[in-house]
2 protein chains.
Amino acid sequence: MGITERKEREKQEMRKNIIDAAMHMFMHEGYEDASIRKIADKIEYSPATIYLYYKDKDELLYDVQAECFSRLVEVFKERTTAADPFERLIQFGEAYMDFGLQNPQVYELMFIMKAPMKTVEACEMWKNGDDAFALLVQCMAECMEMGRVKFNDVLQGVLSVWAMSHGLISLEVCYRMKVMNLTEEQVKAALYSSLHHYLDTIKK
Amino acid sequence: MGITERKEREKQEMRKNIIDAAMHMFMHEGYEDASIRKIADKIEYSPATIYLYYKDKDELLYDVQAECFSRLVEVFKERTTAADPFERLIQFGEAYMDFGLQNPQVYELMFIMKAPMKTVEACEMWKNGDDAFALLVQCMAECMEMGRVKFNDVLQGVLSVWAMSHGLISLEVCYRMKVMNLTEEQVKAALYSSLHHYLDTIKK
DNA sequence: GGAAAATATGAACACCGTTCAGTAAGTTTG
DNA sequence: CAAACTTACTGAACGGTGTTCATATTTTCC
């Protein structure tokens, strides 16, 4: 019987509906306006209905985060195409920084907000970030195999590159670059030049 | 006449009262419980009273943030005592990371939350962070004068060290280290070892 | 067709930040 | 000292939030 299958499909479509509405609000109105009530409004359902598909708001945000990560993975796959692994590592850094600076709200949901992480139990893997992370690990592993990078440990290398990129992006996204008293263009220039300077110092 | 002075003093004491209560909630209950209502409860005043001393919650959080920064400056002054400027730079990094990992809620208020920054107008300096930042700038400048560091520009050096430290701390504080599937001890070890590895790569 | 199950919702609860009319206390003046 | 004025404070309300639940509607099954 195809009824249970159709029901399941409809359930998934409804979840997709909810996620799309939430995603749209995140990108265009800002995450502070992405309340359950407004999301419900946008898809023309009652707020209570959302709770038939999600346990709570955190779980919904976790799914929106998943959608964001699949976009990041797309961007990575499009832009990290260099044959040389270290060149590719640079492409990773540039793509990541562009992505973060161009979609600050989305970046926050992915890497800064605590809400979506509350659904990830203690000692459990953070599945959403796994694919993007794996791509970077792969690239770093190749860099190390070919001795292109000053690291002894793949995980340490990945963490370092990620931390530097994330540090630069998040200082900007969270308005902390204000302490440096620069114009918006100077800030952007400083961020990119610091990233490249870093990548240069780890090159072997 | 001393009455207006006493009034002013009382006003400042009240603000200090409010900040202390908020600070205590931030550190011990978590910032989600630090609502205006609960802060008012703790100092035994009506919520409305707080609005006689602060325009809104953001402004209050900005002052709490200031208090946090004066503590960080204290820690910096206590711990960055080495004669050699590069040794001192390492001490800065260690002190900063210890501070962040030991006071995650406070760290968030200082470097991650947007709320307290909303009171800092566009194109205006972020005064709260200025002193701590100046200390690091001073140290980096000395490192460069003595040719101890692989940077051509003081600001670039400061930004890089700050971004790396902040990146490492905030990935942990925002639960993103979960993607690496490590135990809590392994995480701590990875953070500190990545920081030291980085400081080593910029050493000249 | 009617029972059972799935789906949707209006109304309510307990919070939140914030405002404002009104009250109580303190200060100044006649 | 008493009246007038100023300051400090608050209770109650407004509009918002996430969430729950009894009720109503629709769909499925026998």
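Residue numbering restarts at 1 for every chain, and letters A, B, ... go by the order of the sequence lines.
Regarding contacts with the backbone of D/dT17, a side-chain N or O of A/S35 is found under 4.0 angstrom from either OP1 or OP2.
Of all nucleotides listed (D/dC9, C/dC20, C/dA8), C/dC20 comes nearest to the side chain of B/A48. In the set D/dG18, C/dT9, C/dC16, the nucleotide with an atom closest to the side chain of A/I36 is D/dG18. The side chain of A/K11 lies closest to C/dT7 when the candidates are D/dG18, C/dC16, C/dT7. For A/D56, the listed nucleotide lying nearest its side chain is D/dT19; candidates were C/dC16, D/dT19, C/dT9. With distances taken from any side-chain atom of B/Y53 to the nucleotides C/dT18, D/dC9, C/dT9, the minimum falls on D/dC9.
Of the options B/Y96, B/F99, B/F69, a ring-ring contact (aromatic ring centres under 6.0 Å, His included) to B/Y107 is made by B/Y96 and by none of the others.
When rounded to the nearest whole Å, the span between CG of A/L61 and P of D/dT17 equals 14 Å. Rounded to an integer number of Å, the gap from CG of A/L52 to P of C/dA5 is 18 Å. If you take OH of B/Y51 and P of C/dG17, they are 6 Å apart, rounded to a whole angstrom. Distance CG (A/N17) to P (C/dA8): 11 Å, rounded to an integer number of Å. If you measure from atom CD1 of A/I18 to atom C1' of C/dA8, you get 12 Å, rounded to the nearest angstrom. The distance from atom CG of A/D33 to atom C1' of D/dG18 is 16 Å, rounded to the nearest whole Å. Atom CD1 of A/I50 is separated from atom P of C/dG10 by 13 Å (rounded to the nearest Å). Atoms NZ (A/K38) and C1' (D/dT17) sit 10 Å apart, rounded to a whole Å.
The aromatic rings of B/F111 and B/W162 lie perpendicular to each other, with more than 60° between the two planes, well past the 30° mark.
Across every non-hydrogen atom of A/I112 and A/S170, the tightest pair is CD1-CB, 4.0 Å.
Residue B/P47 is the one, among A/K57 and B/P47, whose nearest nucleotide of DNA chain D lies closer to the 5' end (criterion: closest heavy atom).
Between B/D41 and B/R37 there is no salt bridge, since none of the side-chain N atoms of the basic residue sits less than 4.0 Å from a carboxylate O of the acidic one. The pair A/E142-A/R88 meets the salt-bridge criterion, since a charged nitrogen lies less than 4.0 angstrom from a carboxylate oxygen.
Contact of A/R37 with D/dG16 (side chain to base): no donor-acceptor pair of N or O atoms is detected under 3.5 Å.
Residue B/T49 is classed as a base contact, given a heavy-atom separation below 4.0 Å to a base.
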